[in-house]
Every structure is written in C-alpha cells, then in structure tokens.
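Take a look at the structure below.
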Amino acid sequence: MSTDKLDKSLEQELSSLAAEGRTKSPERVIEAYIPPKDEKGPRYRLADSSQNFMRFNSNAYLSLSNHPELIRAADAATRNFGVGPGAVRFIDGTFVHHVRLEERIARFVNKPGAKIFNSAYTANCGLALSISSKKTHWIGDQLNHNSIIRAMRISNVPSANKGIFAHNDMADLKRCLDAVGSDMERVVVVFDGIFSMRGDCAPINEIVDICKSYEDRFKDGVITVVDDSHGIGAFGDTGRGTPEFCNAWPDVVVGTFGKAFGVNGGFVAGSQTLVEAVRQKADTYIYTNPLSVADCAAAVKAIDICDSSQGKDLLAHLKEQTARFRQGLDRLGMESIAGPHPVVPLMVRDTARTHDLVTYLYDNGVLVVGLTFPVVPKGDETIRFQINACHTPKDIDQVLGLLAEFA
Ligand SMILES: Cc1ncc(COP(=O)(O)O)c(C=O)c1O
C-alpha cells in the first residue's frame, strides 16, 4: 500500500489552489530572539537570512511572550506537574492551573464562568456544538473569522437557518433578524469584536440594543456572542476589549490567550449553565487533551499583569505607538482605516505594489503581512501592520522612514 494515487490527486488539487492564488507561501522559520536594547525593540533572526528582523505582524499586542514573570510561572507549573496532562479533562486531566485560568478569565471579562480550550478556533467550534439545536438560527457579520464560519458548519446549521449581514451594517442585521422563521426557538448573533484584516470594531452597543428588541419573539431569546480574540488585552481603557470600548457586554465572550496575552489557548465565558453545557457538549473540549499547565500558569500571569499598573503602562505605550504610526501614515498621505486598534491596515489597492512593498520591507528587516485577492476583494489590497508594546518610537520611525523612501 502507498499513497501514490492519493498524492497525485492532491498534487492536482494543490495546483488548482496555486492557480487561484490561494496557496500560502513557504513558512519562514525563526531561529533566534534578540532581546530589546538601545531604544530598539526585540529583533528576530530567520533561517536562511543573516539580518535581524522587526516583527510588525505579531498578534502579541502586549509583548508578554518573553516576559520573565510569564516564563517563571510556566516553569514553576511545569516543575510541579510536568509538561503534559496525560488525559482529557474528564479523565483526571484537570489540574489546578486549568481551574485557576478559568476562574481568572471569567473574572476578567466579568462573566459568572468560563471554559478554556486549546485555541479560540476550537472554542468557537465547541460553543456552536453546545448551543445549536434544530431550531437555532445563526446570524453573523459577513467578515467574521474563519473559525466562526467553520463552527456554524460543524454544528450542522442548515443554510436556511443562517443569515449573514453586511459588515457592521445594522440595517442589514435587522433584515436578518426579521427574516428568522417563526418556528425558530433560539437566535444566536455572532461577530468578531475586532476585524483582524481591518482593525475596525463591531458596534457592540448597537448590536446588543437591536438584539434586545427581538428578544421576546423567540422562546430562548436572542443570544449575542462576541469573539474578541484581537480585542481582549489590547483594547479598551483597561484591556477588557471591544465590549469595554463600546460599553456593552454581549451574553457570551469568546477569546484567545494567544494574542495580546502572548501565550496560547482560547476560552468561552458566560453563564454557569452555558459553561456546564459547553463542558457536557463541546466535543472540541471533551475529547482532546487540555492546554499544558505551563500555558495556563503563564496565561493567568499575563492577565494579572494586564490588570496591574505595569499592564496599564504597556497598554498606554501600545496606544501611543499605534497613534504615532497612524499619524506618520497620515503625514505621508497614505490611506488606512481609522481607529485606535493596533491593527493598522495600509490600503495599497494594487496587487503588484503590495508585493513590491512587502518585499522591500522584508529586504530592510521588517516583517509584515500583505493581503491580496482572493483573501481581500480586488482593489482592497492591503498591508497589515500590527503594533506591539515592544515597539519603540525608534522602531516606528524606522518603518515610517522606509515607507517614505518607497513612496
Ligand atoms: C476572531 C478570531 N477568532 C479566533 C482566532 C483564532 O485564535 P486561536 O489562534 O486562539 O485559535 C483568530 C485568529 O486569528 C481570530 O482573529
């Protein structure tokens, strides 16, 4: 037996993907982390390159991944309990660090309870498996993250029970709600807090108000769910994310520990009953080993730091550097999408120019993400810059200088 015949078919499929421009480029490998020094943030060494790079493509907005307190917490947990849980949660794979992280994140987002997952991706899938029924209608923003779209698919939501509203268009959300069949018992409205390709945020206060006005039409009401993976830790006055920024809290909050908090893992936070339903029904929680205790201990430490004066300083620095970068783009006459989030898209609006600029930045030691068709519509070609708290004014000015030279 061999996979020769399968490989042939897969090669054809991969060629088709390549012809459609849908394949990912080869993965670069980071070989060394060079700590910050001389008013410069950290640098990274890549395999096959002798130069040092700045990362302007990292989601680790608070730059906590290399924080000594997180490393110490992970190290202590590992020394006490080892590197892996040995089983799934319900077969004695639950350690005190899992429970502590669940309590800590629930408190952080001000919900009665939370369940943690290996990632926000599996958290979305687990939530959908837990709350979907034959009489559940799902409504989502057109630009929702792939994990939400996948979540709806794996929970077998038929297309008749789904509505998609145009990005952040509240009239269209109402249209979707009006279209829900009277036989439906439960409506779930789900949206990203921050849209990661654009850095803009959902108008959560408006969404929550609109959903409330439809609440009485359905036996189980209208449940609002925000996936605030890019907002939690990085956005709002105290890092509580987009709900804090909008001053409106959806019923359920999904998020990740793998972005602003700099670690790994995801969570679903909501009522105690919802959390118990997740524990009983979410296959992506039940049938898979949990995060390591090292991840959990580091994530708890990251949340503690976010809630401390140190965290406030980091957040303030992040906001200042984001504003510095955005103002620099304005001065250069470069187009972006306005907003305070550290995802700063540079609208290039041309495929070849986007590729050329990404290459130019790479050649000059800056890692960014270029987004071209079919990831974004033709004409919306973008370079996504992500500001992190480790960036110094010198780093920001260096990138702005390169952009000025390129222009
Ligand atoms: C909205 C949203 N949800 C989920 C994820 C996935 O997060 P994780 O890496 O924890 O699975 C992302 C990451 O890009 C995201 O933007």
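Computed from heavy atoms alone, side chains included, the values below leave out hydrogens, waters and symmetry copies. One-based numbering, in listed order, for ligands and for the atoms of each. This one's a predicted model, so the numbers in the text were calculated from it and none came from an experiment.
- Polar contact with ligand 1: absent for Ile194 (N/O pair, distance under 3.5 Å).
- Scanning the protein for heavy atoms near atom 13 (C) of ligand 1, the closest one is Lys259 NZ, 2.7 Å.
- The side-chain hydrogen bond (donor to acceptor under 3.5 Å, both in side chains) analysis of residues 331-348, with sequence neighbours excluded, yields the pairs Glu335-Arg349.
- Among the atoms of Asp192, none of the N or O lies under 3.5 angstrom from an N or O of ligand 1.
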Just list the side-chain donor-acceptor pairs under 3.5 Å for residues 358-378, sequence neighbours left out, or say none.
| unit_1 | atom_1 | unit_2 | atom_2 | d |
| --- | --- | --- | --- | --- |
| Thr359 | OG1 | His355 | O | 2.8 |
| Tyr360 | OH | Glu405 | OE1 | 2.7 |
| Asn364 | ND2 | Tyr360 | O | 2.8 |

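- Of the protein's non-hydrogen atoms, the one nearest atom 12 (C) of ligand 1 is His145 NE2, 3.3 Å.
- Heavy-atom separations between Ser147 and ligand 1 include at least one value shorter than 4.0 Å.
- With a heavy-atom cut-off of 4.0 Å, Ser119 touches ligand 1 through backbone and side chain alike.
- Scanning the protein for heavy atoms near atom 11 (O) of ligand 1, the closest one is Tyr121 N, 3.0 Å.
- Checked for salt-bridge contact, Glu276 and Arg279 meet the test: a charged N lies under 4.0 Å from a carboxylate O.
- Atoms of ligand 1 found under 4.0 Å from any heavy atom of Ser229, numbered from 1 in the order shown, are 2 (C), 3 (N), 4 (C), 15 (C).
- Salt bridge status for Asp228 with Lys259: absent, with no side-chain N to carboxylate O gap under 4.0 Å.
- Atoms of ligand 1 found under 4.0 Å from any heavy atom of Thr256 (numbered from 1 in listed order, with element): 8 (P), 10 (O).
- Under 4.0 Å from ligand 1, heavy atoms of Ala120 appear from its side chain as well as its backbone.
- Regarding atom 1 (C) of ligand 1, its nearest protein heavy-atom neighbour is Asp227 OD2, 3.3 Å.
- Between Phe90 and Tyr287, the two ring planes are perpendicular [angle over 60°; tilted spans 30° to 60°].
- Lys219 has no carboxylate O lying under 4.0 Å from a charged side-chain N of Asp183, or vice versa, which leaves the two without a salt bridge.
- Salt-bridge annotation for Asp397 and Arg324: present, with a side-chain N of the basic residue lying under 4.0 Å from a carboxylate O of the acidic one.
- Looking only at atom types and distance, the side chain of Thr351 has no donor-acceptor partner in the side chain of Thr354 under 3.5 Å away.
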